[in-house]
Amino acid sequence: MRARTIASIAAVAGVAAIGYASVIERNWFALREQTVPVLPPAAEPLRVLHISDIHLTPGRHRLLAFLRSLASLEPDLVVNTGDSIAAAEAIGPLLDSLGPLLDVPGAFVYGSNDLFSPKPKNPARYLWRTSASDHDRDEPDLPAEKLGGELSAAGWLDLNNQRGQLTVNGLSIALAGVHDPHCDRDRYDLVAGPADAEADVRLGVLHSPEPKIMDLFAADGYDLLLAGHTHGGQLRVPGYGALVTNCGIDRDRVSGLSMHPQVSPETGKTAWLHVSAGLGTSPWAPARFACRPEATLLTLAPRSA
Ligand SMILES: [Fe+2]
């Protein structure tokens with residue numbers, strides 16, 4: 001009798017947790033704020049909106065409304081670290097919800113989910129393996145190039161295996177990015193070499209925060225690396241944190257601001273790293289627990305601050 005009662009309580013608690021994670025927390029969007037001291041002394045702060053892992057399907061009205069609200073932050077620069085769409089029909093609603101942000105200087109890279117439609121799979125398998133080999137034999141079936149073309153047409157820099165340069169509020173920004181290492185489309189060799197030492201700040205951009213790629217960015221002298229992909233672990237255990245990162249980065253740096261330890265022979269410095277826990281989930285794993293969906297406003301400040 002006692003065992004049956006315990007089993008009943010556990011079943012009710014499980015159903016409640018799944019309901020909370022999929023209905024409430026998945027739509028409980030947060031705006032994080034962080035200050036990163038990477039600008040030259042006396043420079044004016046630069047406000048960078050970091051968005052990632054939107055995984056948009058057209059019916060996600062609360063997500064679209066949150067995206068729409070971000071324009072009121074009036075950032076100086078927007079960086080999107082990929083996995084923006086989960087369906088071809090999401091491109092229009094995504095562009096519509098970004099709205100005025102597309103008039104702000106911006107930059108983007110793709111994540112693997114911009115290329116490949118989500119497929120049903122057991123979400124628990126992330127506990128014992130990553131999804132890195134999921135698309136080894138697949139052909140891309142989502143119009144990532146169309147998405148990229150629209151963002152480029154709006155003026156955002158396409159950083160997929162490319163470098164770029166922006167001047168924002170009088171600050172020169174050197175950028176470089178790679179296509180997603182998670183699906184083996186990164187070509188760091190195409191952007192390799194010392195980052196522009198004359199720029200006021202140097203940003204490295206990638207979807208999946210693979211340490212071996214971040215080592216290369218940091219060694220080339222990039223001051224701040226921006227990534228997504230991990231979803232912050234997506235299902236976290238309170239008091240313990242993320243169970244997995246779905247890539248090579250350690251659990252302690254699964255999301256938020258940290259240092260990447262590689263020292264640059266160019267500058268003698270290490271790089272800051274910001275990993276966004278992202279705004280969405282795969283439609284086939286629609287739950288987040290102790291890991292709210294987020295966008296981050298990074299205030300780049302003078303090093304002396
Ligand atoms: Fe993602």
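Read the numbers this way: they start at 1 and go in the same order the structure lists the ligands and their atoms.
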Worksheet, complete the sentence: Arg62 meets the side-chain hydrogen bond (donor to acceptor under 3.5 Å, both in side chains) criterion, sequence neighbours left out, with none
Worksheet item: Do Asp223 and Arg303 sit within salt-bridge range, that is, some charged N less than 4.0 Å from a carboxylate O?
Response: yes
Worksheet item: Would you say Leu273 and Arg253 make side-chain contact, with heavy atoms under 4.5 Å?
Response: yes
Discussion item. I'd like to know if Arg185 and Asp180 make a salt bridge, using a cut-off of under 4.0 Å between side-chain N and carboxylate O.
Written reply: no
Discussion item. Restricting to under 2.8 Å, identify the protein N, O or S atoms around the Fe ion (ligand 1) as residue plus atom.
Written reply: Asp53 OD2, His55 NE2, Asp83 OD2, His231 NE2
Item to complete: Would you verify whether the NZ or CZ of Arg251 falls within 45 degrees of the ring axis of Tyr240 while also being under 6.0 Å from that six-membered ring's centre?
Response: yes
Worksheet item: Using 4.0 Å as the upper bound for N to carboxylate O, is an ion pair formed by Glu294 and Arg32?
Response: yes
